[in-house]
> 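Can you keep this structure in mind? I'll have questions shortly.
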Amino acid sequence: MSLVSRIKELAKTQKITIAELERKVDLPNGTIRRWDASVPSITNLQKVATFFNVSLDYLAGRNRHSDVIEAIAAHINPDATAEELAEILAYIEERRKFYTQQAPVDLVPVAAEHDEVVAAFVAENPDFKYLVNETMSADEAVSAVKAFIEIYKQNNL
């Protein structure tokens, strides 16, 4: 799902339009729709993330936990008993504890190994790191690191 699509979904859950969102977070009209073709500033992304109370990783599609929660919610029988719901919640809590005990993983070495552009950037910026709390495929790592590099360059970090 693209950044703009994810924002549209979040707006839909809040029952507001993209134009209303832009007004509420003090962005010029049409700004968010342009993000399909350009890289937004970290400041503007943070405004949207703060409004929806989500992380920048979630907006960028790198946090699958919310997607998992939505998938689970969609599959819970509306007629489930309190006992069945308690079992589901206990399982979710067990998985949450497991994942929060995982050490952060630096995606940069994985991405640099699989992509020349990332490798060149890392050679020029040896202290560049991108730590995440979940594992992902090499392709996902390359995509995530490239997106972060664009934001890094755009904001002169």
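Everything numeric here is computed off the predicted structure, so don't read it as measured data. Positions are given from 1 along the sequence.
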> How many angstroms lie between CD1 in Ile7 and CD1 in Ile18, if you round to the nearest 0.5 Å?
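Interatomic distance, Ile7 CD1 to Ile18 CD1, rounded to 0.5 Å: 6.5 Å.
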
> Start with the C-alpha distance between Phe148 and Leu107, add both sets of side-chain angles, then the distance that settles side chain to side chain contact (heavy atoms under 4.5 Å, CB included), and finish with yes or no.
CA-CA 11 Å; Phe148 192 63; Leu107 293 181; over 6 Å; no

> Can you sort out the partners of Ser143 under side-chain contact (heavy atoms from CB on, under 4.5 Å), two or more places apart, ordered by chain and number?
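Counting only residues at least two positions away or on another chain, Ser143 forms no side-chain contact (heavy atoms from CB on, under 4.5 Å).
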
> Output the distance between atom NZ (Lys8) and atom OG (Ser2), rounded to the nearest 0.5 Å.
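Lys8 NZ to Ser2 OG: 7.5 Å, rounded to 0.5 Å.
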
> What do the steps show when you test Tyr130 against Val118 for side chain to side chain contact (heavy atoms under 4.5 Å, CB included), and what is the final call?
CA-CA 12 Å; Tyr130 184 19; Val118 174; over 6 Å; no

> Looking at residues at least two apart in the chain, or sitting in another chain, which of them share a side-chain hydrogen bond (donor to acceptor under 3.5 Å, both in side chains) with Lys129?
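side-chain hydrogen bond (donor to acceptor under 3.5 Å, both in side chains) check on Lys129 returns nothing, list empty.
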
> Is any side-chain heavy atom of Phe51 closer than 4.5 Å to a side-chain heavy atom of Ile16?
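Yes; the side chains approach each other to less than 4.5 Å.
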
> Sequence neighbours left out, what passes side-chain hydrogen bond (donor to acceptor under 3.5 Å, both in side chains) with Glu20? Give chain and number order.
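Counting only residues at least two positions away or on another chain, Glu20 forms a side-chain hydrogen bond (donor to acceptor under 3.5 Å, both in side chains) with Thr17.
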
> Residues two or more places apart in sequence or in another chain: which of them pass side-chain contact (heavy atoms from CB on, under 4.5 Å) with Asp139?
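Applying side-chain contact (heavy atoms from CB on, under 4.5 Å) to Asp139 gives Ser137.
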
> Is any side-chain heavy atom of Val48 closer than 4.5 Å to a side-chain heavy atom of Trp35?
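Contact flag for Val48/Trp35 side chains = yes.
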
> Mind checking what makes side-chain hydrogen bond (donor to acceptor under 3.5 Å, both in side chains) contact with Gln46, not counting sequence neighbours?
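For Gln46, the residues satisfying side-chain hydrogen bond (donor to acceptor under 3.5 Å, both in side chains) (neighbours in sequence not counted) are Thr50.
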
> If you round to the nearest 0.5 Å, how far is CG of Leu3 from CG of Leu56?
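Between Leu56 CG and Leu3 CG, I get 10.0 Å after rounding to 0.5 Å.
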
> Among all residues two or more places apart in sequence or in another chain, which pass the side-chain contact (heavy atoms from CB on, under 4.5 Å) test with Asn53?
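Residues passing side-chain contact (heavy atoms from CB on, under 4.5 Å) with Asn53: none at all.
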
> Do any pairs count as a ring pair (Phe, Tyr, Trp, His ring centres under 6.0 Å) and have a residue in residues 105-127, sequence neighbours left out, and if so which ones?
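Counting only pairs at least two positions apart or across chains, the ring pair (Phe, Tyr, Trp, His ring centres under 6.0 Å) contacts touching residues 105-127 are Phe121-Phe128, Phe121-Tyr152.
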
> Sorted by first residue and then second, give each salt bridge (Lys or Arg N to Asp or Glu O under 4.0 Å) pair with at least one member in residues 30-41; sequence neighbours left out.
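Pairs touching residues 30-41 that pass the test: none.
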
> Is it the case that the side chain of Glu22 and the backbone of Thr31 share a donor-acceptor pair, with hydrogens and angles ignored and the cut-off at 3.5 Å?
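Flag set: sc Glu22 to bb Thr31 pair under 3.5 Å.
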
> Could you see if Val4 belongs to whatever hydrophobic cluster contains Val39? Use Ile, Leu, Val, Met, Phe, Trp, Tyr and a side-chain cutoff under 4.5 Å.
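Val4 clusters together with Val39.
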
> Let's go through Phe52 and Leu21 carefully: what are the C-alpha distance in whole Å and the side-chain angles of both, what is the deciding distance for side chain to side chain contact (heavy atoms under 4.5 Å, CB included) to 0.1 Å, and is it a yes or a no?
CA-CA 10 Å; Phe52 289 119; Leu21 170 63; 3.6 Å; yes

> Just do the side chain to side chain contact (heavy atoms under 4.5 Å, CB included) check on Val110 and Val145 with the steps written out, would you?
CA-CA 10 Å; Val110 175; Val145 171; over 6 Å; no

> Under the salt bridge (Lys or Arg N to Asp or Glu O under 4.0 Å) rule, what pairs show up with a residue in residues 111-126, not counting sequence neighbours?
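For residues 111-126: Asp115-Lys146.
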
> If the condition is side-chain contact (heavy atoms from CB on, under 4.5 Å), which residues does Thr43 pass it with, not counting sequence neighbours?
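Listed in chain order: Ser41, Lys47.
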
> Given the rule that I, L, V, M, F, W and Y join up when any side-chain heavy atoms are under 4.5 Å apart, are Ile149 and Val142 in one cluster?
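No, no single cluster joins them.
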
> Of all heavy-atom pairs between Ala112 and Ala119, which one has the smallest distance, and what is that distance?
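Nearest pair, atom of Ala112 first, then Ala119: O-CB, 3.5 Å.
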
